[in-house]
Amino acid sequence: MSFLRGGRRFLLLSLRNLGFGRSPMRRHSDWIESVVLRVGLVATVVVIALAPSIGTDTYTREMRQVATQTASRHQIFAVALGNAATQPPSGAEPSGIAPPPVRVPGSWRTADGRTHRGSIEVDSGTLAGARVPIWVDQTGQQVPAPETESSAMIGAVVAAGGVVAFTILVFVALYWLVRWPLDRLRMASWEREWRRTASDWAPGRTPPADDTSV
């Protein structure tokens, strides 16, 4: 029962902080802050609800690109025309990590019998004459490997998560941009109240009317 009472108290306090319910102590600045907070929370909830749809649309679009690239690109073997210098391990690289690949001149022959030349990427230490797999398009020009289904999935997750993260960041920035001047107004109001309280302590002085409109 104590847990239920604590949960009910927390819920009521949260709703009151969001501006729900009536309170004679609520100032105009508190009302403005609560409105901004509620609008931001509603917008965040809406975007979170739409995130799966955004991810699905992105995944579908990425998969269409995967299908197009897979149909227009194929893998062949190129011949390295030069030795790839062995790259010494960098001090910043953990032990056991292979050095990065290097580029050397290479040539390859396409199905139409034409020979192409260009720069190909090989492992460090590759010798001239080695056969290296590359990807080419329908004209025989070297192109990057086609995207995969896993990359499409990653793109969808990044798109959905990025929209949610961007919305939260905008909401937080807007909230603090609104709250900062409101806090300054409230501090100024509190200073006036302290001065009025001090004047009330002075004998024969009548304090001015209370001002809680800020």
*Are the side chain of Q75 and the backbone of A145 linked by a donor-acceptor contact shorter than 3.5 Å?*
no
*Among Ile, Leu, Val, Met, Phe, Trp and Tyr joined by side-chain contacts under 4.5 Å, find the other residues sharing a cluster with W135 and list them by chain and number.*
V143
*asked:* Does anything in residues 160-179 form a salt bridge (Lys or Arg N to Asp or Glu O under 4.0 Å)? List the pairs, not counting sequence neighbours.
replied: E33-R179, R179-D183
*Would you list the pairs meeting salt bridge (Lys or Arg N to Asp or Glu O under 4.0 Å) in which at least one residue belongs to residues 39-67, sequence neighbours left out?*
none
*Can you list the other members of the hydrophobic cluster that holds F77, where links are side-chain heavy atoms under 4.5 angstrom apart?*
none
*Partners passing side-chain hydrogen bond (donor to acceptor under 3.5 Å, both in side chains) against T70 (at least two apart in sequence or in another chain)*: none
*Who are the side-chain hydrogen bond (donor to acceptor under 3.5 Å, both in side chains) partners of D123, not counting sequence neighbours?*
none
*Could you state whether L127 and V104 fall into the same hydrophobic cluster, counting links through intermediate Ile, Leu, Val, Met, Phe, Trp or Tyr residues with side-chain heavy atoms under 4.5 angstrom apart?*
no
*Counterpart residues, side chain to side chain contact (heavy atoms under 4.5 Å, CB included), relative to V136 (two or more places apart)*: H74, I76, W108, I134
_Gap between atom CD1 of I54 and atom OG1 of T58 - 0.5 Å precision_ = 7.5 Å
*Set of side chain to side chain contact (heavy atoms under 4.5 Å, CB included) partners for P105, sequence neighbours left out*: L81
*Cluster link Y175 to V178, ILVMFWY, side chain under 4.5 Å*: yes
*Do you reckon L174 sits in the same ILVMFWY cluster as V39, going by side-chain contacts under 4.5 Å, direct or chained?*
yes
*Apply side-chain hydrogen bond (donor to acceptor under 3.5 Å, both in side chains) to S107 and list each qualifying residue two or more places apart in sequence or on a separate chain.*
none
*So how far is it from T110 OG1 to Q138 CD, rounded to the nearest 0.5 Å?*
12.0 Å
Can you give me every donor-acceptor pair (side chain of residues 148-170, partner residue at least two apart or in another chain, under 3.5 Å) with its distance?
from: T148; atom 1: OG1; to: S150; atom 2: OG; distance (Å): 2.9
from: T148; atom 1: OG1; to: S151; atom 2: N; distance (Å): 3.4
from: E149; atom 1: OE2; to: Y59; atom 2: OH; distance (Å): 2.9
from: S151; atom 1: OG; to: E147; atom 2: OE1; distance (Å): 3.1
from: S151; atom 1: OG; to: T148; atom 2: N; distance (Å): 3.0
from: S151; atom 1: OG; to: T148; atom 2: O; distance (Å): 2.6
from: T167; atom 1: OG1; to: V163; atom 2: O; distance (Å): 2.8

_CZ/R103: more than 12 non-hydrogen atoms of other groups inside 6.0 Å_ = yes
*Not counting sequence neighbours, list each pair that qualifies as a side-chain hydrogen bond (donor to acceptor under 3.5 Å, both in side chains) and has a residue in residues 155-164.*
none
_Separation between CZ of R73 and OG1 of T68, rounded to the nearest 0.5 Å_ = 10.0 Å
